[in-house]
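Presented below is the structure to which this report refers.
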Amino acid sequence: MEVKKETVEIEVIRCSVTCRPDSVERFLHIVFILMLFYAALLLPPVKVSAAGSGVDGSHLFATNYYPNHGVVFGRDVVWTYGPLGYLQDPQDIGNNLVVANAIRMGCWCILLGALGVLGWRGWEDLLRAGTFLLAVVLAGRILLFGFDYFILCAMYALVLVYWRGRGRIAVPILLAALTGVLMLYKFSGYVGALLIVFLHISLNARSWIAEKRIADGAGALAITAAGPMAYLCYHFSFSDLFTYIRGGLELSSGYMETMGLEASFRDSLFALIIIVLFGFQLALGVIRKVTPLPETALLAVMGLLYFKHGFVRADGHVMHFFAMAMVLSAVSFCIQKPGLSGFSWAVPLYCAIAFIGYTALTSIDSGYRPRTWLIAENMRPWEDLTKWPETSARQKAEAEKSSSWANLPVRIRQEIETTRSIVFPQELSYAASGRFQLMPIFVYQGYSVYTPWLDHETALRLTNARPSADYLLLDWESIDGRHPLLDLPATAAAIGGSFEPHILIGNHLLMRRKPHASLPKFQMRARRPLAFGGWIEVPRMRGPTWASISIEPTVRGRVKRTLLRAERLSLEFQIAGGLVESYQVVRRNMATPFPLTKFSPDIEAFHRLQKDRVASFPIERIRIARPKDGADYAQPEIVFWEENDDLVRIERPANGSVVDVLRLTNPNQIPSVLAGGPDTFGGQPLPTPAPSDANPLAIAPRRPLEVAGWVATDGAGGQTFDDVYLTIGMRVFQARATPRPDVGRYFKNAALDQSGFRVSVQPSELPKGTMACYLVGRVRKSGKLYRSSSAIWINVP
């Protein structure tokens with residue numbers, strides 16, 4: 001009886017399919033064609049971009065600049081983008097606009113053509129094509145923003161076309177072409193392309209074996225070689241191909257560990273709902289035997305990669321996950337075995353994922369608004385190309401207004417014009433002016449040197465650059481609270497050994513190449529365990545002291561890092577004088593020795609160290625801040641190294657009494673009054689009016705007292721001090737100089753760009769009671785002292 005019942009069910013299904021009226025199917029085809037035509041007009045992939053500045057704009061400029069200036073990817077430079085990286089944001093450099101838009105339009109034709117072929121015959125294929133088309137339309141803006149995702153969608157569509165028995169010759173050729181394009185475009189996109197090729201093989205392997213279509217299987221396997229073949233056509237060198245692939249892997253893995261940020265609760269909730277629904281969709285496909293296990297596993301891996309890319313950085317990147325979740329859910333729906341029995345449960349699940357994903361996108365991206373779906377609103381790229389003279393003039397005007405080159409000091413601009421120069425760590429868009437030849441440092445931007453291999457290879461190329469750069473322009477900029485030089489110690493040592501200071505203006509240090517490069521040599525002196533959150537004293541050595549720290553993740557930490565991201569680590573230093581500095585660090589790169597005695601907390605200290613061999617603020621104690629989840633890492637180990645054959649004079653802060661340091665009995669005896677004052681006192685903005693003896697400022701007794709601001713002999717025509725002190729009662733604490741270009745701009749006096757100061761007083765050094773505080777500045781040449789106009793009264797319980 002059970003067998004008979006099952007047969008009846010199959011017959012009913014067959015009737016429901018074959019008895020469907022042709023007129024209804026014809027009507028649905030017309031609707032699908034109209035949707036396809038609407039999608040074609042809604043998602044024009046042409047793009048015209050202008051050179052930008054900043055972290056992202058700068059590296060996007062470099063992807064357009066390097067391929068047109070003799071830089072070979074894999075030999076001279078590695079990055080997540082390759083020689084076709086300008087497909088992302090093509091700019092008017094060389095033939096970039098023509099080549100990029102031709103490829104983008106080609107991918108657009110492949111995607112829409114594949115969907116048209118897929119939906120042309122049969123009710124089931126029409127449903128598959130319509131579902132996939134809907135996902136592409138909903139995710140359209142994100143697919144165009146990250147064009148590698150657009151190419152991956154085109155590959156998904158081709159796989160579906162071949163699986164449904166069409167395009168036996170054309171599809172493998174197109175898959176190979178798109179895989180090669182992604183290899184030269186973006187490494188993470190190439191990894192996604194390989195997974196799609198594996199999905200293609202998995203879907204068709206059984207039929208190839210059953211029908212003995214060995215040539216088809218061999219052709220599909222050959223597609224996996226399309227990426228390396230594309231690179232060898234670009235640059236025939238197997239060693240550089242290896243470097244190109246390894247560089248992409250190192251950058252991708254390092255990015256996953258280093259660039260993590262916390263996602264918002266709203267984004268995390270949307271993601272959790274989608275993950276549960278998508279996992280339920282995959283599980284039901286296996287349980288109902290409409291999706292084989294290998295294809296399900298591949299889809300799960302793809303989903304994990306999209307999730308990690310979106311939620312590692314967790315700012316605007318989360319939109320990519322929501323967009324690709326809709327696309328991947330559509331793919332899971334489309335590859336079910338023929339027959340509508342599985343579609344009855346898959347349609348509601350797909351609609352739920354699409355609804356949640358689209359809701360997430362509209363809540364994150366302000367571009368998802370009702371006018372976005374008007375075709376006229378998306379035709380601007382076509383207008384930019386058809387009216388190219390006006391577009392070019394507009395872009396040049398915008399570039400001149402926001403030109404990073406124009407913001408460079410005139411003296412530095414004059415010095416590096418017509419030279420070969422390196423820019424470090426990030427502002428590559430200086431080269432958009434065309435005034436000098438930009439030379440790569442192997443990795444585009446310094447803050448992306450995520451792994452020891454990248455660090456050492458970058459250092460090697462800086463030391464042995466051929467052709468060598470004439471100058472290195474160092475901008476003291478950081479990202480995510482990281483030190484510009486601390487998280488790439490080998491590269492930092494190569495900069496100091498290969499270049500010497502030339503011009504320092506504000507945050508810009510121009511360095512000339514030395515006649516002979518050198519790198520420090522070390523000898524290990526001590527090895528000690530380092531507990532999280534515990535300070536450790538830096539041992540005294542005859543030569544400069546360096547340190548390396550080894551931190552290995554636990555099993556739990558490795559699992560957590562694989563599924564999402566690793567917890568970020570902070571390294572804290574106590575510098576001579578009590579000042580505490582904290583920086584986010586690259587875990588793996590800390591295994592390379594970094595300087596302690598020769599540590600430079602700012603560009604002024606780095607300039608003095610390189611020029612006069614004087615270390616102003618050596619590190620006295622060091623610790624790793626306790627992670628939120630200490631179970632992710634094993635106990636660190638620190639190794640102290642002594643540098644050989646290098647003499648560095650250490651100048652410690654002149655802390656002491658007012659009598660010993662200033663030769664006075666009271667700071668208010670100083671007649672001259674300085675300009676400026678503290679902006680923050682005790683880590684908080686200074687209240688107005690200033691605290692008096694009757695109403696003193698309460699100071700926390702167990703926390704360091706930090707004071708920061710700016711001082712000068714005068715505002716408009718003044719100069720900075722050689723020494724700045726904070727007096728607390730009869731105690732004196734020396735401050736260190738910090739850049740304040742905003743003060744120089746305000747007074748139109750470049751001499752005040754270094755007028756900032758910062759001082760930190762440890763709780764054990766704070767006198768008790770109510771006391772007057774003064775700022776005192778000294779001009780060494782004349783010996784003249786200046787003081788703040790009035791005292792700031794504080795109370796330390």
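Counting begins at 1 with the first residue of the sequence.
The side-chain hydrogen bond (donor to acceptor under 3.5 Å, both in side chains) test applied to Ser253 returns no partner, not counting sequence neighbours. Remark: Asn204 engages His200 in a side-chain hydrogen bond (donor to acceptor under 3.5 Å, both in side chains) (not counting sequence neighbours). Partners of Ile275 according to the side-chain contact (heavy atoms from CB on, under 4.5 Å) rule, which considers only residues two or more places apart in sequence or in another chain, are Phe307, Phe321. Annotation: side-chain hydrogen bond (donor to acceptor under 3.5 Å, both in side chains) contacts of His69 (sequence neighbours excluded): none. For Tyr156, the side-chain hydrogen bond (donor to acceptor under 3.5 Å, both in side chains) partners at least two apart in sequence or on another chain are Tyr306. Qualifying side-chain contact (heavy atoms from CB on, under 4.5 Å) partners for Ala230, counting only residues two or more places apart in sequence or in other chains: Leu184. Here Ala354 pairs with Leu138, Met326, Tyr350 under the side-chain contact (heavy atoms from CB on, under 4.5 Å) rule; sequence neighbours left out.
A side-chain hydrogen bond (donor to acceptor under 3.5 Å, both in side chains) check over residues 320-329, counting only residues at least two apart or in different chains, returns the pairs Gln281-Ser329. For residues 166-185, every residue pair satisfying the salt bridge (charged side-chain N to carboxylate O under 4.0 Å, His left out) rule, not counting sequence neighbours, is listed here: Asp125-Arg166, Arg168-Asp216. Applying the side-chain hydrogen bond (donor to acceptor under 3.5 Å, both in side chains) rule to pairs touching residues 170-194 yields Gln88-Tyr185, sequence neighbours excluded. Pairs passing the salt bridge (charged side-chain N to carboxylate O under 4.0 Å, His left out) check and including a residue from residues 47-69, sequence neighbours excluded, read Lys47-Asp89. Listed by first and then second residue, the salt bridge (charged side-chain N to carboxylate O under 4.0 Å, His left out) pairs involving residues 221-236 amount to none (not counting sequence neighbours).
For CE of Met229, the number of neighbouring non-hydrogen atoms (other residues, nucleotides, ligands) closer than 6.0 Å is 12 at most. No more than 12 heavy atoms of other residues, nucleotides or ligands shown are found within 6.0 angstrom of CD1 on Ile169. Environment of CG in Asn95: sparse, with no more than 12 heavy atoms of neighbouring residues, nucleotides or ligands closer than 6.0 Å.
When each of Ser433, Ser429, Ser53 is paired with Ser404, the side chain to side chain donor-acceptor pair (under 3.5 Å) condition holds for Ser429 and for no other. For the ring-ring contact (aromatic ring centres under 6.0 Å, His included) test with Tyr244, the passing option among Phe73, Phe187, Phe238, Tyr231 is Tyr231; the others fail. When Tyr255, Tyr444, Phe442 are each tested for a ring-ring contact (aromatic ring centres under 6.0 Å, His included) with Trp79, only one passes: Tyr444.
Across every non-hydrogen atom of Ala271 and Phe311, the tightest pair is CB-CZ, 3.4 Å. The nearest pair of heavy atoms linking Phe322 to Ile364 is CE1-CD1, 3.5 Å.
In this structure, the side chains of Val327 and Leu152 stay at 4.5 Å or more apart for every pair of heavy atoms. The closest side-chain heavy-atom distance from Ile142 to Tyr149 is not below 4.5 Å. A heavy-atom distance below 4.5 Å is not found between the side chains of Val46 and Arg104.
To the nearest 0.5 Å, the span separating CG on Leu241 from CE on Met183 amounts to 5.5 Å. The structure places OG of Ser363 at 10.0 Å from CE of Met319, a figure rounded to the nearest 0.5 Å. Summarising the geometry, atom CD1 belonging to Ile110 is positioned 9.0 Å from atom CD1 belonging to Ile151; distances are rounded to the nearest 0.5 Å. Leu115 contributes atom CG, which lies 6.0 Å from atom CZ of Phe132 (distance to the nearest 0.5 angstrom). Leu299 CG to Leu195 CG: the interatomic distance, rounded to the nearest 0.5 Å, is 10.0 Å. If you take OH on Tyr81 and OH on Tyr86, they are separated by 14.5 Å, rounding to the nearest 0.5 Å.
Using bins of under 30°, 30° to 60° and over 60° for the plane-to-plane angle, the ring pair His29/Trp120 lands in the perpendicular bin.
No hydrogens or angles considered: a donor-acceptor pair under 3.5 Å links the side chains of Ser202 and Glu295.
Checked by atom type and distance alone, the side chain of Asn96 pairs as donor or acceptor with a backbone atom of Asn64 at under 3.5 Å.
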